[in-house]
Amino acid sequence: MSFAPHGKHLIAGAWIGTPETFLSDPVEGAARAFSVGTPELVDQACRAAEEAFWVYGAKSRAERAQFLNTIADEIEARGAEITEIGTQETGLPAARLEGERGRTTGQLRLFADHILKGDYLDRRHDAALPDRKPLPRSDLRMMQRPIGPVAVFGASNFPLAFSTAGGDTAAALAAGCPVVVKGHGAHPGTSELVAEAIHAAIAACAMPAGVFSLVQGGNRAVGHALVQHPLIRAVGFTGSLAGGRALFDLCAARPDPIPFFGELGSVNPMFLLPEAMAARGASIATGWAGSLTMGAGQFCTNPGIAVVIKGPEADAFAEATRAALSESGAQVMLTTGIAAAYATGAAQMGAQLGVQDLLTAMCDQRQAKPFLYRVAARDWLANHALSEEVFGPLGLIVVAEDAEEMLAVAQSFTGQLTATLHIDAADTDMARRLLPVLERKAGRVLANGFPTGVEVCDSMVHGGPYPASTNFGATSVGTLSIRRFLRPVCYQNIPEGLLPEDAH
Ligand code: NAP
């Protein structure tokens with residue numbers, strides 16, 4: 001049976017409606033009314049989260065792991081309904097939502113295993129040296145402790161894996177932190193259904209009700225109230241640079257500033273070195289076209305820029321990319337706003353000095369078609385606007401005169417989530433010069449592949465220097481992302497019996 005959302009917020013175990021409503025904007029099916037969030041609801045949710053923290057933060061790792069696994073089970077139990085409403089609301093194909101559901105439950109279970117192992121606590125012990133001269137040393141123990149209630153902003157482009165029970169929520173709950181989610185207006189019914197799954201898991205595991213709340217949006221005041229709430233200790237966010245920066249600034253301006261872990265924009269440059277281009281330029285072009293158009297280009301790791309060196313191989317690469325992209329049909333975007341931003345961004349890029357159209361299209365309402373542009377590196381270097389992300393299936397080829405100019409392009413990039421090298425063995429000398437530059441620019445550097453598709457595992461880094469993220473040394477994907485919601489505490493001379501259970 002199909003899921004019919006009631007449109008309420010989940011605040012500490014109770015479904016609460018508000019008089020004002022906003023309408024969802026599904027690609028298919030009827031629009032539905034959802035209660036608009038309010039600062040008062042945010043306050044209720046945050047107070048309940050703080051109260052829950054005293055209980056939940058003290059639960060054993062085994063109990064928290066069981067809770068995470070139960071959330072995964074409850075999501076799976078609603079799998080078909082989640083796919084149905086998710087596809088209706090976002091226009092993403094069913095196969096994509098099924099895959100994303102697997103990733104979401106997979107990362108919940110990964111975090112359950114991760115906390116059971118206990119390594120993340122990073123426990124250190126410097127035993128007392130009572131006879132040390134000239135001064136004795138106290139007994140010193142350090143370990144990571146949960147920070148308290150965490151705010152999470154659902155992402156438009158990952159209705160499951162970066163939203164209600166997504167990576168930020170999983171990491172925070174694993175750490176021992178209650179979560180208040182601000183649902184994304186692009187998929188409120190999907191958020192409600194996933195919140196139901198968490199609600200069921202709370203009951204099944206006898207967790208405190210305030211450990212999770214969902215406040216739907218429809219009002220910018222919700223996000224403002226959430227990041228400024230005195231009881232919130234950190235924020236997880238995925239979205240635009242402008243929105244993320246506005247919320248980051250609010251966090252920094254609080255009387256007690258808190259960390260804002262924002263995953264923002266990135267053009268994910270690829271550097272195509274001469275020998276690789278000569279050997280397999282055409283297949284790199286086809287791979288790039290596939291990566292650019294996957295999910296209508298609505299991935300933060302979408303490789304929007306290819307940097308090549310001038311010559312016949314670069315011309316053939318451009319032609320092969322154009323041919324491959326022109327075979328890709330129109331795809332539905334996540335929201336009408338995102339589609340409008342794509343059409344505007346594509347038109348603006350095409351109007352920049354020196355930019356040559358290789359493939360342009362008319363985008364109809366929520367439909368997106370690929371664009372391909374080319375520009376000389378000297379024009380690109382002179383115009384910062386050309387290095388900004390256009391969210392959607394748009395590719396820009398930057399043509400350098402020679403290796404030195406390619407290096408200058410690499411050096412001029414701002415922070416990125418990823419940077420890619422396409423290389424053959426004979427490109428090694430040049431790759432050796434590029435790699436130290438790229439590792440200063442990106443959270444993940446890869447060779448001979450495409451950055452779309454982020455493995456959820458121990459080694460993953462999904463972050464990067466600003467403006468790719470405000471993660472500053474952290475990642476928002478993979479087990480290391482738990483560190484965002486922990487803080488080290490040193491226990492000096494504290495008697496054994498008083499130490500937290502995790503100290504042993
Ligand atoms: P967004 O506009 O940044 O919104 C994300 C979340 O932040 C929403 O819940 C939004 O609330 C809230 N928000 C944004 N600005 C705010 C502000 N000034 N004050 C309070 N809350 C604020 O991102 P989006 O809706 O996902 O997509 C819009 C654009 O973001 C896209 O066109 C694309 O350019 C970019 N984007 C980039 C990535 C990436 O990974 N690089 C991912 C997704 C989107 P409301 O719903 O109330 O606005």
Side-chain angles (χ1 to χ4, degrees), residues 20 22-25 34 36-39 42 89-90 92 151-159 161-164 166-168 180-188 191 214-229 235-251 253 260-268 294-304 333-346 348-349 363 366 368 388-394 414-418 443 451-452 454 462-464 466-471 476-477:
E20 206 187 334
F22 68 93
L23 283 179
S24 64
D25 182 19
F34 288 84
V36 169
T38 63
V42 168
E89 290 189 326
T90 63
L92 294 170
V152 171
F153 284 72
S156 60
N157 59 340
F158 278 89
F162 280 92
S163 286
T164 314
D168 289 342
V180 179
V181 169
K182 190 258 167 194
H184 198 287
H187 48 80
S191 303
L214 166 71
V215 185
Q216 299 279 13
N219 176 2
R220 280 276 158 97
V222 171
H224 294 170
L226 190 53
V227 301
Q228 293 184 103
H229 198 284
V235 183
F237 172 94
T238 300
S240 67
L241 177 56
R245 182 60 200 246
L247 294 166
F248 173 89
D249 287 345
L250 287 177
C251 288
F260 177 87
F261 297 105
E263 197 256 86
L264 312 173
S266 190
V267 288
N268 304 295
M294 188 189 293
Q298 301 167 116
F299 286 109
C300 36
T301 49
N302 198 30
M333 296 198 88
L334 294 159
T335 66
T336 39
I338 286 177
Y342 173 63
T344 309
Q348 281 171 352
M349 183 169 283
C363 295
R366 224 166 131 170
E388 284 170 13
E389 179 186 24
V390 177
F391 194 64
L394 181 146
T414 55
Q416 300 292 324
L417 293 172
T418 72
T452 34
V454 181
H462 192 63
Y466 186 84
S469 81
T470 55
N471 282 343
S476 55
V477 174

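Atoms within each ligand, like the ligands themselves, are counted from 1 in listed order.
Listed by number with element, the atoms of ligand 1 under 4.0 angstrom from any heavy atom of E389 are 41 (N). Near H224, meaning under 4.0 Å from any of its heavy atoms, are these atoms of ligand 1: 17 (C), 19 (N), 20 (C). The ligand atoms of ligand 1 that sit less than 4.0 angstrom from a heavy atom of A246 are 18 (N). Against a heavy-atom cut-off of under 4.0 Å, G265 is close to the following atoms of ligand 1: 41 (N). Numbered from 1 in the order shown, with element, the atoms of ligand 1 that lie under 4.0 Å from a heavy atom of E263 read 40 (O). With ligand atoms numbered from 1 in the order given, ligand 1 contributes 3 (O), 5 (C), 6 (C), 7 (O) to contacts under 4.0 Å with heavy atoms of F237. Within the listing of ligand 1, atoms 27 (O), 31 (C), 32 (O) sit less than 4.0 angstrom from a heavy atom of I338.
For atom 2 (O) of ligand 1, the closest heavy atom belonging to the protein is S240 OG, 3.7 Å. Nearest protein heavy-atom neighbour of atom 26 (O) of ligand 1: S156 OG, 2.5 Å. Closest to atom 40 (O) of ligand 1, if we only count protein heavy atoms, is C300 CB, 2.7 Å. Of all protein heavy atoms, the one closest to atom 15 (N) of ligand 1 is G243 CA, 3.2 Å. Among all non-hydrogen protein atoms, the one lying nearest atom 31 (C) of ligand 1 is F391 CD2, 3.7 Å. The closest protein non-hydrogen atom to atom 41 (N) of ligand 1 is L264 O, 2.7 Å. Ranking the protein heavy atoms by distance from atom 42 (C) of ligand 1 puts N157 ND2, 3.5 Å first. Shortest contact from atom 10 (C) of ligand 1 to any protein heavy atom: K182 NZ, 3.9 Å.
With rounding to the nearest 0.5 angstrom, the OG1 atom of T335 is 10.0 Å from the NE2 atom of H187. Distance OG/S266 to CD/E388: 12.5 Å, rounded to 0.5 Å. Interatomic distance, OH of Y342 versus CD of Q298, reported as 10.0 Å (0.5 Å rounding).
Closest of all the heavy-atom pairs between Q216 and S191 is NE2-CB, 4.3 Å.
Judged by the shortest distance from any of its heavy atoms, F299 lies outside the 4.0 Å radius around the atoms of ligand 1. Under a 4.0 Å heavy-atom criterion, Q298 is not in contact with ligand 1.
Applying the ring-ring contact (aromatic ring centres under 6.0 Å, His included) test between F153 and each of F237, F261, F162 identifies F237 as the sole match. Tested against L264, the residues L241, N471, L417 include a single side chain to side chain contact (heavy atoms under 4.5 Å, CB included) partner, L241.
Taking any N or O of T238, backbone or side chain, none lies under 3.5 Å from an N or O belonging to ligand 1. Of the polar atoms of R220, at least one N or O is found under 3.5 Å from an N or O of ligand 1, judged by distance alone. Below 3.5 Å of separation, one finds no N or O of N219 facing any N or O of ligand 1. Residue G244 has no N or O atom closer than 3.5 Å to an N or O atom of ligand 1.
For T470 (side chain) and F260 (main-chain N/O), a donor-acceptor pair under 3.5 Å exists by modelled atom type. With hydrogens and angles disregarded, a donor-acceptor distance shorter than 3.5 Å links the side chain of S163 to the backbone of F158. Although no hydrogens or angles enter the test, the distance criterion places no donor-acceptor pair under 3.5 Å between the side chain of N302 and the main chain of P393. The closest donor-acceptor contact from the side chain of N219 to the backbone of A221 lies under 3.5 Å.
For the residue pair S469/E263, the side-chain donor-acceptor check at 3.5 Å is not satisfied. For the residue pair T418 / N268, a side-chain donor-acceptor distance below 3.5 Å is found, with atom types taken as modelled.
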Subject >> Derivation of the side chain to side chain contact (heavy atoms under 4.5 Å, CB included) call for K182 and V215 >> reply: CA-CA 5 Å; K182 190 258 167 194; V215 185; 5.6 Å; no
